[in-house]
> 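Quick one: the structure is below, questions incoming.
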Amino acid sequence: MGLNDTPSGERLHIGFFGCRNAGKSSVVNAVTGQNLAIVSETKGTTTDPVYKAMELLPLGPVMIIDTPGFDDTGKLGELRVKKTRHVLNKTDIAVVIVDSTVGLRPVDEEIIALIEAKKIPYLLVWNKTDLQAPHLGGERELAVSAATGAGIWELKERLGATVPNSERVPIVADLIKPHDLVLLVVPIDSAAPKGRLILPQQQTIREVLDSDAVVVVVKENEVAATLTRLGTAPALVITDSQAFQTVAAQTPDSILLTSFSILMARHKGLLASAVRGVTAVETLHDHSKVLIAEGCTHHRQCDDIGTVKIPRWLQRHTGAAITFETASGTEFPDDLSPYELIIHCGSCMLNEREVQYRMKCAADQGVAMTNYGIFIAYVTGILKRSVRVFPDVYKTL
């Protein structure tokens, strides 16, 4: 990802679904204007979801997803259909492609039912209309031909006019005002990417600047000296969660303090439930099983936060012999019943809908879920202080 690119987690995800050979990949190629997906008359050519970032006005930055056929068969086919179902969990707008020479099939109706159950806005697109003109039955429907390009412009216009269900909460913009001073604390250690900042730090800096506020970035051992030199108290101090204790000790209680991870929890719609979920820490015992879940994959280092630091903090806090399991990237378990607690990363690489889906899965199965920043604030004894900037959440503690 380049410095000017919109992160995938901040893009609206538009998923294309349908049966094999309905022409999903051809329509995706026509919409993106690129040969993004392999096109063939052989059924099942698309074996894995294919992603393409693009701009689609007036929606702005979007992620186009081409999926395997929902009617795939055999053991491999079942795995492909499972991946397609997982794509639905991150889809903000769905496009169901129907072969107009075949008509609407039970599998198409099954896809539509799943989309409607998940309350995803969608369009029903009849493809191959150069071969067979369909009878359109509603305002969601439109006719296209990927082969001739007919209707593709109208499809892009309709997608641009389709409004996703959720309204996004900013990371920090609504917590500050123009000319406010915001102090960001960014540790530079072995886990810090060489030559760059991690994504939540980049995003927060940009929002502060977009809000016409002033941002000062320091390392964790420079907080006290910087506060003295500034002369003016910052409106907010935001720290990497791993430096919570160090930063809290240097920051007067009169100054609001929170972390990037906690801001991301609110941004993705997880904050209130994650604050409630963290108290499950107190119910853990010997042989309890905890899932450490991350939205991306990365090379584990010797002091990795997910596999080393958080387990160490948790075992120190509880004194229990806890069993830990990890999940990363798109691999989030369907069955969460073996776990008594899920501790999730900040989810900067996941879009809001997928985070909400994971949260709902945990709630439906009666499993508590929290995130890294809230967990660290809790076990270090500063959770209440770290959410004081959010009055509605603060008053629940």
Side-chain angles (χ1 to χ4, degrees), residues 1 3 7 170-267 271 298-299 301-306 308-310 312-313 316 345-346 348 371-390 394:
M1 187 188 77
L3 289 175
I171 296 173
V172 71
D174 60 327
L175 304 176
I176 56 178
K177 59 184 185 298
H179 311 302
D180 273 350
L181 178 63
V182 181
L183 183 66
L184 304 188
V185 185
V186 178
I188 304 298
D189 55 23
S190 60
K194 187 175 179 61
R196 61 185 175 90
L197 301 177
I198 62 173
L199 183 57
Q201 296 162 358
Q202 297 177 38
Q203 292 175 282
T204 304
I205 290 172
R206 179 57 192 259
E207 273 203 20
V208 173
L209 295 177
D210 285 343
S211 302
D212 295 324
V214 178
V215 61
V216 176
V217 183
V218 299
K219 293 194 291 186
E220 73 278 17
N221 56 355
E222 295 291 334
V223 174
T226 301
L227 290 173
T228 300
R229 287 197 297 270
L230 287 172
T232 300
L236 180 63
V237 174
I238 305 169
T239 180
D240 184 283
S241 298
Q242 297 179 68
F244 246 144
Q245 279 188 307
T246 301
V247 176
Q250 299 175 73
T251 306
D253 193 60
S254 57
I255 298 175
L256 292 172
L257 169 69
T258 193
S259 77
F260 295 104
S261 183
I262 291 175
L263 289 173
M264 291 302 294
R266 187 182 74 119
H267 181 53
L271 181 59
H298 61 272
H299 174 65
Q301 295 181 305
C302 59
D303 210 19
D304 179 69
I305 183 171
V308 178
K309 291 182 179 179
I310 285 178
R312 187 168 60 213
W313 272 316
R316 185 182 301 154
C345 71
C348 62
N371 94 330
Y372 282 12
I374 293 162
F375 166 79
I376 295 170
Y378 181 82
V379 297
T380 54
I382 56 175
L383 177 60
K384 192 164 186 177
R385 181 180 181 184
S386 69
V387 298
R388 198 169 71 203
V389 67
F390 316 112
Y394 179 74

> If I take atom CD1 from residue Ile205 and atom CG from residue Asp210, how far apart are they, to the nearest 0.5 angstrom?
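Between Ile205 CD1 and Asp210 CG, I get 12.0 Å after rounding to 0.5 Å.
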> Looking at CZ of Phe244 and OG1 of Thr258, how far apart are the two atoms once the value is rounded to the nearest 0.5 Å?
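It comes to 5.0 Å.
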> When you compare the side chain of Leu227 with that of Pro234, does any pair of heavy atoms fall below 4.5 Å?
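A side-chain contact under 4.5 Å exists here.
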> Evaluate Asp174 against Arg266 for side-chain contact (heavy atoms from CB on, under 4.5 Å), listing each step before the verdict.
CA-CA 12 Å; Asp174 60 327; Arg266 187 182 74 119; 2.7 Å; yes
> Evaluate the criterion side-chain contact (heavy atoms from CB on, under 4.5 Å) for residue pair Gln203 and Arg206; output intermediate values, then yes/no.
CA-CA 5 Å; Gln203 292 175 282; Arg206 179 57 192 259; 5.8 Å; no
> Tell me, do Leu263 and Leu175 make a side-chain contact under 4.5 Å, heavy atoms counted?
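They are in contact (side-chain heavy atoms under 4.5 Å apart), so the answer is yes.
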> Using modelled atom types only, decide if a donor and an acceptor are shared between the side chain of Glu207 and the backbone of Ile171 within a distance under 3.5 Å.
yes
> Calculate, to the nearest 0.5 Å, the distance between atoms OG1 and CD1 belonging to Thr251 and Ile382 respectively.
9.5 Å
> How far apart are the closest heavy atoms of Leu236 and Leu257, and which atoms are they?
CD1-N, 4.3 Å
> Over all heavy atoms of both residues, which pair between Ser259 and Gly373 is shortest? Give the atoms and the distance, please.
OG-CA, 4.2 Å
> When you look at Val172 and Val182, which way does the side-chain contact (heavy atoms from CB on, under 4.5 Å) test go after all the steps?
CA-CA 10 Å; Val172 71; Val182 181; 5.5 Å; no
> Compare every heavy atom of Ala213 with every heavy atom of Asp180, then report the nearest pair and how far apart it is.
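Of all heavy-atom pairs spanning Asp180 and Ala213, the closest is O-CB, 3.3 Å.
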> Measuring from atom CD of Gln202 to atom CZ of Phe260, what distance do you get when rounded to the nearest 0.5 angstrom?
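If I round to the nearest 0.5 Å, the distance is 11.0 Å.
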> Quick check for you: to the nearest 0.5 Å, what is the distance between Gln242 atom CD and Ile310 atom CD1?
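Going from the CD atom of Gln242 to the CD1 atom of Ile310 covers 8.0 Å.
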> Could you give me the CA-CA distance, side-chain angles and deciding distance for Tyr372 and Ser261, then say whether side-chain contact (heavy atoms from CB on, under 4.5 Å) is met?
CA-CA 7 Å; Tyr372 282 12; Ser261 183; 4.0 Å; yes
> Give every residue pair that meets the salt bridge (charged side-chain N to carboxylate O under 4.0 Å, His left out) criterion with at least one member in residues 242-261, sequence neighbours excluded.
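Listed once each, the pairs are Asp253-Arg385, Asp253-Arg388.
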> About how many Å separate CG of Leu383 and CD1 of Ile376, when rounded to the nearest 0.5 Å?
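Rounded to the nearest 0.5 Å, the CD1-CG separation comes out at 12.0 Å.
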> If every non-hydrogen atom of Gln201 is compared with every non-hydrogen atom of Asp240, which pair is closest and at what distance?
NE2-OD2, 4.2 Å
> Minimum heavy-atom separation for Leu181 and Val216, please, with both atom names.
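Closest heavy-atom pair between Leu181 and Val216: CD1-CG2, 3.6 Å.
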> Check ring pair (Phe, Tyr, Trp, His ring centres under 6.0 Å) between Phe390 and all other residues, then give those that pass, not counting sequence neighbours.
none
> Looking only at heavy atoms, which two atoms of Gln250 and Thr246 are closest? And how far apart?
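Nearest heavy atoms, Gln250 then Thr246: NE2-O, 3.1 Å.
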